[in-house]
Amino acid sequence: MSDLTRLSAAALADALAKGEVSSVDATRAHLDRIAAVDGDVHAFLHVSDHALDVAADIDRRRAAGEELGPLAGVPLAIKDVLVTTDMPSTSGSRILEGYMSPFDATVVARSRAAGLVPLGKTNMDEFAMGSSTEHSAYGPTHNPWDLERVPGGSGGGSAAAVAAFEAPLALGSDTGGSIRQPAHLTGTVGVKPTYGGVSRYGAIALASSLDQVGPVTRSVLDAGLLHDVIGGHDHRDSTSLTDVWPSFAEAARSGARGDVLKGLRVGVVRELPDSGFQAGVSESFRASLALLEANGAEIVEISAPHFEYGVAAYYLILPAEASSNLAKFDSVRFGMRVTPHANSTVEDVMAATREAGFGDEVKRRIILGTYALSAGYYDAYYGSAQKVRTLIQRDFDAAFGTVDVIATPSAPTTAFRLGERVDDPLQMYLNDVTTIPANLAGVPGISIPSGLAEEDGLPVGIQFLAPVREDARLYRVGAALEALLEDAWGGPLLDRAPALTTRGGVS
Ligand code: GLN
């Protein structure tokens with residue numbers, strides 16, 4: 001088999017099951033790819049030094065005739081927000097540099113149990129705060145489509161790793177769009193499951209009422225396969241739903257071959273302004289809608305008048321919850337400790353540690369959140385934001401009374417240049433205008449590549465949203481559109497990504 005890194009996870013799993021390739025070969029191919037391109041991409045914060053041993057063990061078990069899961073032997077990249085016992089977990093922060101967790105996040109434990117081979121930990125904005133991965137304490141990740149541009153955030157590392165063929169699969173987390181927005185900017189697929197559908201046990205908390213863990217892949221089927229591994233009830237996460245979920249891989253397969261688009265009612269939000277969206281993003285979105293319509297879907301205008309307040313509400317609720325979640329980084333229990341002078345009090349040590357350990361964006365949000373929660377301001381800020389959240393949830397309820405899914409562009413622009421927005425928090429926050437409502441309402445969302453923007457040749461994604469618990473619908477619809485688009489393109493969009501030659505001379 002020529003280049004194992006170009007295969008989808010499904011195709012690689014198939015070849016592994018048939019004994020055509022070994023997991024050691026597949027894992028070595030990805031480690032070689034990382035060695036060749038990650039100096040330029042910087043998708044990884046840490047590369048596992050025992051991935052090949054894990055792969056060899058899977059090969060041995062397969063040879064011994066053991067019944068293995070569908071993804072056994074396939075390599076996996078893990079966002080550094082997820083704790084792991086065998087690799088450091090930093091959440092992109094200096095304060096957790098070198099931190100070793102005594103336990104695995106549930107999604108990591110389930111991935112290991114399913115025979116996936118962890119390749120390493122991926123770069124991210126510090127504590128998952130950001131839309132470009134430039135807020136990582138360890139330097140930015142570069143977009144494989146153009147190394148001078150951002151891969152999105154906060155999960156830019158996972159998206160770039162998958163887009164650069166350094167890993168066929170990755171895990172991400174999505175609090176306001178950190179799986180879906182990087183997917184849009186890198187031509188990959190990202191899914192934010194229904195709130196409570198995937199365990200967050202061992203996901204370093206950003207905003208607990210919004211956080212979800214989910215798959216980052218190159219195809220809808222691959223996302224379904226990984227979702228099947230990580231999803232389902234976990235008694236260690238008090239928000240975990242007890243539902244028995246259908247197979248999302250099966251949903252993707254049925255979407256790709258069936259006629260799910262016939263009679264499907266696709267809602268388009270009237271109030272989402274056309275202005276603010278880059279021309280190529282709007283054009284690609286309209287072309288996808290036309291394709292859906294040509295294949296039997298009905299495009300229905302819906303009203304969601306409160307969506308536009310989502311960003312404002314989110315940037316009060318998130319800092320409020322984050323300021324509380326990050327209080328545990330107190331120099332006593334985790335990570336870094338700075339003792340400013342010989343007679344330091346415990347308060348001096350905490351203050352100096354947090355001053356040295358947190359970056360600017362994290363400090364900005366802790367201050368904002370503490371302020372929004374303080375006596376006298378609580379009702380005006382946090383209370384009002386929670387009311388807006390309820391109104392957005394009602395918008396969704398009303399819309400899903402008439403449509404099966406809602407479609408939006410996954411983000412307003414294509415990948416912007418490194419440095420372009422990093423000093424302008426508001427511009428950065430506005431990136432999340434279409435992804436945030438799903439987190440506020442707890443509904444599932446998927447972003448799949450919809451094409452390239454004409455003006456800059458960079459990837460664009462389309463997002464579908466479904467009612468709570470209807471994740472399978474997203475896999476059916478996503479796979480159906482993906483099949484139509486790939487027919488038209490003559491293959492996956494990522495096949496058209498330029499080779500990585502800009503800086504390192506590697507293809
Ligand atoms: N960009 C959003 C933020 O900065 C999303 C973060 C996320 O989903 N983790 O908060």
Classify the side-chain pair Thr90/Asp80 by whether it contains a donor and acceptor separated by less than 3.5 Å. yes

Do Ser450 and Ser284 have side-chain atoms, one donor and one acceptor, less than 3.5 Å apart? yes

Can you confirm whether the side chains of Asn143 and Arg417 place a donor and an acceptor under 3.5 Å from each other? no

NZ/NE/NH1/NH2 to OD/OE distance under 4.0 Å, Asp234 and Arg200: no

Any side-chain heavy atom of Leu481 sitting closer than 4.5 Å to one from Ser288? yes

From CA spacing to verdict: ring pair (Phe, Tyr, Trp, His ring centres under 6.0 Å), Tyr429, Tyr314: CA-CA 10 Å; Tyr429 299 168; Tyr314 171 90; 8.3 Å; no

Electrostatic pair Glu283-Arg286, nearest N-O below 4.0 angstrom: no

Is the ring centre of Phe285 less than 6.0 Å from the ring centre of Phe277? no

Assess the side chains of Tyr315 and Asp432: does a donor N or O sit below 3.5 Å from an acceptor N or O? yes

State whether the number of non-hydrogen atoms from other residues, nucleotides or ligands found under 6.0 Å of Asp32 atom CG is greater than 12. yes

With a 3.5 Å cut-off and no angle check, do the side chains of Thr133 and Asn123 form a donor-acceptor pair? no

Just one of Ile446, Ile448, Ile462 clears the side-chain contact (heavy atoms from CB on, under 4.5 Å) bar with Glu482, so which one? Ile448

Angle class for the Phe334/Phe329 ring planes (parallel below 30°, perpendicular above 60°, tilted otherwise)? tilted

Any side-chain donor paired with an acceptor under 3.5 Å for Ser48 and Asp86? no

Any side-chain donor-acceptor pair under 3.5 Å between Ser154 and Ser178? yes

Hey, does Pro449 have a side-chain heavy atom less than 4.5 Å from the side chain of Val460? no

Taking atom types as modelled, find out whether Asp471 and Thr194 have a side-chain donor-acceptor pair closer than 3.5 angstrom. yes

Can you check whether His42 and Tyr138 have ring centres sitting under 6.0 Å from each other? no

So, Ser447 versus Gln463: side-chain donor-acceptor pair below 3.5 Å or not? no

Donor-acceptor side-chain pairing of Thr122 and Ser158 below 3.5 angstrom: yes

Residue pair Ser240 / His233, side-chain donor-acceptor N/O under 3.5 Å: yes

